[in-house]
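Contents: one structure, followed by commentary.
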Amino acid sequence: MIKQLKTRVLVLAAVLSCTVAGVAAAADVKPRLIRFGYGLNEESVQGRAARHLAQELEKVSGGKLKMKTFGSANLGSDEQMQSALVGGAQEMMVGSTAPLAGMVKEFGVFDLPFLFNSEKEADAVLDGQLGQDLLKKLEAKGLVGLVYWENGFRNMTNSKRPITRAEDLQGIKLRVMQNQIALGVFNTLGANAVPMPFSELFTALETRTVDGQENPITTIQSSKFYEVQPFLTITRHVYTPWVVMASKKWWDTLSPEEQKLIRQAAASSRDFERQDSRADSTKAMGTLEKNGMKINTVSPEEVARMRQKVQPVVDKYTQELGPELIKQLNDEIQKARN
Ligand code: TK8
């Protein structure tokens, strides 16, 4: 009898404390509208992952945290959105690491060519010590780095000729992402590198302001670059991550519970996006071929030559970014490789 009573009291206490915790958590989550910007269009991997993130956030917050997504750089290019986040004029975004190197120079490591051999290695570094340390460095600059999505291994397209060797890049005006390392790499390979925001790229290709560009297969397909670029060369010369970020100014006004829910939804979007990106990459090759692109793959011997050619750039930036950081990076890659 007494035992039964004890159990009942215990059960009642448990039910009560759950309810109290539930009420407290609910009170800690206010109805909010979060603006999330990205550079690619709605049919891209970014578009699908942004919608996944919005749905997930709505689900985990019981409908309180609503996210409105803006694709096609409608809130601005990566650089412009970064500034808007720092200033607190926009809540969240996803963008490439390359333009972040202007704020935290160490993000430039992802512009060093021929670093990763596989997506698995990239995941290990990004989700490991080095990748997470880099995200933390953003806070001092007014950004909260949440998770990495996959942009992916980049390949070259152009309107002039197939690239079979570095020499074929001579005279090609090639749009590159906006940082010194990217500029150095492509100029050293022989191209005339032109830094430009992604949001201006399609028009620049169409009007022949530039002859070529480099991006992952998924982007070449979703941005319809095949309409204006007859040649695709598989080089996988660099792997770019995307970073999902929040404005620190805004983040600091959130309750710990709200921050936790956003982190949770972001983690789910990371897993969704990487899987989707890898599946889409395989499909995209077929679409590009069907749309008449002439596709060639640079031989392993030529990749080795290109690697040698850009070694002075790698050496220069190893010094600038810090030889210890580059050593840590190579050690982490090696560990993932074995
Ligand atoms: C989209 C960019 C794009 C990147 C680039 O805003 O700039 O070429 O690959 O994904 O971040």
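When a ligand or atom number is given, it counts from 1 through the structure's own listing order. What you see below is based on every heavy atom in this structure, not just the backbone, and it leaves out hydrogens, waters and symmetry mates.
Of the options Leu232, Thr297, Thr233, a side-chain contact (heavy atoms from CB on, under 4.5 Å) to Asn155 is made by Leu232 and by none of the others.
Evaluation of the side-chain hydrogen bond (donor to acceptor under 3.5 Å, both in side chains) test over residues 205-215, restricted to residues two or more places apart or in two chains, returns Arg154-Glu214, Arg154-Asn215, Thr157-Gln213, Thr207-Thr209, Gln213-Asn215, Glu214-His237.
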Dump the pairs for me: ligand 1 N or O, protein N or O, distance under 3.5 Å, to 0.1 Å.
residue	atom	partner	partner atom	Å
ligand 1	6 (O)	Asp78	OD1	2.7
ligand 1	7 (O)	Arg175	NH2	3.0
ligand 1	8 (O)	Arg154	NH2	2.9
ligand 1	8 (O)	Arg175	NH1	2.7
ligand 1	8 (O)	Asn215	OD1	3.3
ligand 1	8 (O)	Asn215	ND2	3.0
ligand 1	9 (O)	Asn151	ND2	2.9
ligand 1	9 (O)	Arg154	NH1	3.0
ligand 1	9 (O)	Arg154	NH2	3.4
ligand 1	9 (O)	Asn215	OD1	2.6
ligand 1	10 (O)	Asn151	ND2	3.2
ligand 1	10 (O)	Trp242	NE1	3.1
ligand 1	11 (O)	Asp78	OD2	2.7
ligand 1	11 (O)	Ser96	OG	2.7

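Contacts of Lys173 classified as salt bridge (charged side-chain N to carboxylate O under 4.0 Å, His left out), with partners at least two apart in sequence or in another chain: none.
Residue-environment remark: CD (Gln132) exceeds the threshold of 12 foreign heavy atoms within 6.0 Å.
Under a cutoff of 6.0 Å and an axis angle of 45°, Lys68 and Phe70 form a cation-pi pair.
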Distance-only criterion, 3.5 Å: show the donor-acceptor pairs between side-chain atoms of residues 189-204 and protein atoms not counting sequence neighbours.
none

